Amino acid sequence: MPTDDSFRFDPFDRDTRRDPYALFARARREHPVFAHTGFPVVSVFRYADVQRILKDPATWSSDFDVPGVDPGEVPDPSMLGQDPPAHTRLRGLVNQAFTPRIVQRLEPRMREIADELVAAALARGEVDLVEALSYPLPVIVIAEIIGVPPEDRERFKAWSDVAVEGLGNGLFVPPTPERLARLGGVRAEMDAYFSALAAERRRHPREDLLTGLVQAELEGSRLSHAEMLRMLILLLVAGNETTTNLIGNLVLTLLEHPAELARLRAERTLLPSAVEEVLRYSSPVQMDPRRATRDLELHGQRIAADQLVVCWLGAANRDAEAFPEPERFDIGRGDNHHLAFGFGPHYCLGANLARIEAQVALAALLDRARAFERVDDAPLPLHPSIVFRGVTRLPLRLHPR
Ligand code: HEM
């Protein structure tokens, strides 16, 4: 496949990670389908291509092995790594727990948690927002939905840190044996933890998602024990890092655009569209991989069967063919059909939940803090995985009303 030496896109490059948008613009224009030199993947950047790929699981499968890793060494994938009809069956078991109506019902409880966290942060004056609000809020909420003790959240954090530290990086560079061993260890701990909780629910059912999954498992044909464990781990991990990054990006992007922050303070009904705009403008999940199931051609480039293709959601979300003035951050943007939650059959299960969590977190901050600002302008530490756009620490000074 031809490559153009004058264009380089290295997703591990630090400067590129801080600001990939000029490169994304050039890639969309000149290299919409880019075969990396030295990495076994092809990148795709345009909105229309990404959307087409994500909605066509027959041509673009979610089921693939990580290059350089013996498939026998890794467990079977969760529904995230499966195609219809297996994916459809698994997703059908949990869909009902995340409908807009159900999530709406959880909103008062989310407000309560966010208010408590923001009040505690204000009492301290200077905090790392990630530690004080953007990590604990999503993890407490999902723990309560599943029915796992929210007090165990430090343990969940330790697990999900290991699970996501190199997420996606392995598509480009094979993971080290040490990383695979660490992942295996964490998986064994999570399996033991959820097996014990599931056994407890079999004896004492409750009104929670865990009980629902245990009942599906008891019916045998609907969910195997191994599938149940993988589902619980996916639910516990998938929503945390992502929503933590969304809340961090929301606060950071507003601080970088003071006029938009002032506009939001003056017009609070813009909160939902402000959250959508941050999802588009600073997408917490930057990339979404697929495997070609057959030989095909895209923009004149041949793609062989089994080729891994990475869809850059962050690039698609700044495509001028899909959004007027895509480089402008506009919290009042209408018709914001971004791809930050993916598209098609794997469209994010937790999208409703994440949206409300981000709205509730920012509302608590705006209600209780007269102002908030960065403690200094030192560069913030980036998330270790190239899948995510976000910072792992966000020191802020908060001023109470
Ligand atoms: C800002 C926050 C979030 C973002 C940006 C995000 C992003 C995404 C994306 C891009 C996908 C599609 C993956 C693919 O196409 O293969 C996805 C799937 C998924 N998300 Fe989220 N997510 C967020 C929050 C959550 C939350 C709170 C949950 C909690 C339940 C969650 C659970 C899932 C699950 C279970 C899937 C897999 C769905 C499937 O395979 O059918 N996500 N998410």
Side-chain angles (χ1 to χ4, degrees), residues 50-57 60-64 77-99 102-103 106 110 134-135 137-146 148 156 160 164 167-168 171 209 213 227 230-250 275-291 308-314 316-317 338-362 383 385 387-390:
V50 169
Q51 193 181 40
R52 211 169 63 201
I53 290 172
L54 296 182
K55 76 173 177 201
D56 178 7
W60 302 100
S61 171
S62 291
D63 183 358
F64 48 81
S78 67
M79 68 171 167
L80 192 59
Q82 297 195 41
D83 298 325
H87 167 262
T88 322
R89 169 180 62 90
L90 291 168
R91 182 148 170 150
L93 292 171
V94 285
N95 241 342
Q96 285 309 311
F98 297 94
T99 59
I102 297 285
V103 170
L106 297 171
M110 292 188 223
S134 56
Y135 173 69
L137 175 65
V139 80
I140 295 172
V141 172
I142 193 70
E144 290 188 359
I145 293 175
I146 298 175
V148 295
F156 307 151
S160 69
V164 302
L167 192 71
L171 296 174
L209 188 58
L213 290 175
E227 283 174 332
R230 285 196 294 273
M231 178 70 84
L232 288 165
I233 293 170
L234 173 68
L235 292 175
L236 188 64
V237 173
N240 293 341
E241 209 75 23
T242 44
T243 313
T244 299
N245 286 323
L246 172 60
I247 297 170
N249 293 355
L250 181 59
V275 168
E276 294 312 305
E277 181 65 342
V278 172
L279 281 159
R280 184 192 73 82
Y281 188 85
S282 189
S283 308
V285 173
Q286 284 278 303
M287 53 106 127
D288 202 354
R290 291 293 188 269
R291 174 180 59 84
L308 286 182
V309 170
V310 169
C311 297
W312 289 93
L313 304 177
N317 286 336
H338 61 72
L339 301 175
F341 289 121
F343 195 79
H346 289 275
Y347 180 79
C348 177
L349 180 75
N352 302 314
L353 187 64
R355 288 184 161 113
I356 306 284
E357 283 175 351
Q359 290 172 24
V360 159
L362 194 67
H383 196 286
S385 155
V387 169
F388 298 110
R389 178 172 180 77

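Ligands are counted one by one from 1 in listed order, and the atoms in each one are counted from 1 as well. No experiment lies behind these values; they were computed from the predicted model shown.
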Just jot down the ligand 1 atoms closer than 4.0 angstrom to any heavy atom of A340, in number order.
5 (C), 7 (C), 10 (C)
Which ligand 1 atoms, with their elements, are less than 4.0 angstrom from a heavy-atom of L246?
1 (C)
of all protein heavy atoms, closest to atom 21 (Fe) of ligand 1 is C348 SG, 2.3 Å
Would you mind running through ligand 1 and noting each atom that sits below 4.0 Å from a heavy atom of F98?
30 (C)
Do you see a donor-acceptor pair shorter than 3.5 Å between the side chains of S283 and N317?
yes
Give the residue, atom name and distance (to 0.1 Å) of the protein heavy atom nearest atom 26 (C) of ligand 1.
G239 CA, 3.2 Å
Is there side-chain contact between L362 and V278, with heavy atoms separated by less than 4.5 Å?
no
Among all protein heavy atoms in this structure, tell me which lies nearest to atom 11 (C) of ligand 1, with the distance rounded to 0.1 Å.
F341 O, 3.8 Å
Between the main-chain N or O of P77 and the side-chain N or O of R230, is there a donor-acceptor pair closer than 3.5 Å?
yes
Do ligand 1 and D288 have nitrogen or oxygen atoms that lie under 3.5 Å from each other?
yes
Under 4.0 Å from a heavy atom of A238: give me the atoms of ligand 1 that qualify, with their elements.
32 (C), 33 (C)
Do the ring planes of F341 and Y347 sit parallel (below 30°), tilted (30 to 60°) or perpendicular (above 60°)?
perpendicular
Does ligand 1 have an atom that lies less than 4.0 angstrom from a heavy atom of R290?
yes
For V285, atoms of ligand 1 separated by under 4.0 Å from a heavy atom:
5 (C), 7 (C)
Hey, does P138 have a side-chain heavy atom less than 4.5 Å from the side chain of T244?
yes
Backbone N or O of G239 within a donor-acceptor pair of the T243 side chain at under 3.5 Å?
yes
Which atoms of ligand 1 have any heavy atom of L234 under 4.0 Å away?
35 (C)
Within 4.0 Å of some non-hydrogen atom of L349, the atoms of ligand 1 are 19 (C), 20 (N), 33 (C), 34 (C), 35 (C)
Would you check whether P345 reaches within less than 4.0 Å of ligand 1, judged by its heavy atoms?
yes
Would you say that L54 contacts R290 through its side chain, given a criterion of any heavy-atom pair below 4.5 Å between the two side chains?
yes
So do S62 and H87 actually touch side chain to side chain, heavy atoms under 4.5 Å?
no
Closest approach of any protein heavy atom to atom 38 (C) of ligand 1, naming residue and atom
R91 NH1, 3.3 Å
Atom indices of ligand 1 within 4.0 angstrom of T243 heavy atoms, with elements:
2 (C), 24 (C), 27 (C)
Side-chain touch I142/N240, heavy atoms, less than 4.5 angstrom:
yes
Could you tell me if any non-hydrogen atom of P138 lies under 4.0 Å from any atom of ligand 1?
no
Tell me the nearest of H87, M79, M231 to atom 41 (O) of ligand 1, using heavy-atom distances.
H87
Tell me which protein heavy atom sits closest to atom 12 (C) of ligand 1, plus the residue, atom name and distance to 0.1 Å.
H346 O, 3.4 Å
Report yes if some heavy atom in the side chain of R89 is under 4.5 Å from a heavy atom in the side chain of M79; otherwise report no.
no
Does the side chain of D63 come within less than 4.5 Å of Q82's, by heavy atoms?
no
Any donor-acceptor pair under 3.5 Å from N352 side chain to V103 backbone
no
Considering heavy atoms of the protein only, find what lies nearest to atom 37 (C) of ligand 1 and give residue, atom and distance to 0.1 Å.
L80 CD1, 3.5 Å
Please report which non-hydrogen protein atom sits nearest to atom 23 (C) of ligand 1, along with the residue it belongs to and the distance in Å to one decimal place.
T242 OG1, 3.4 Å
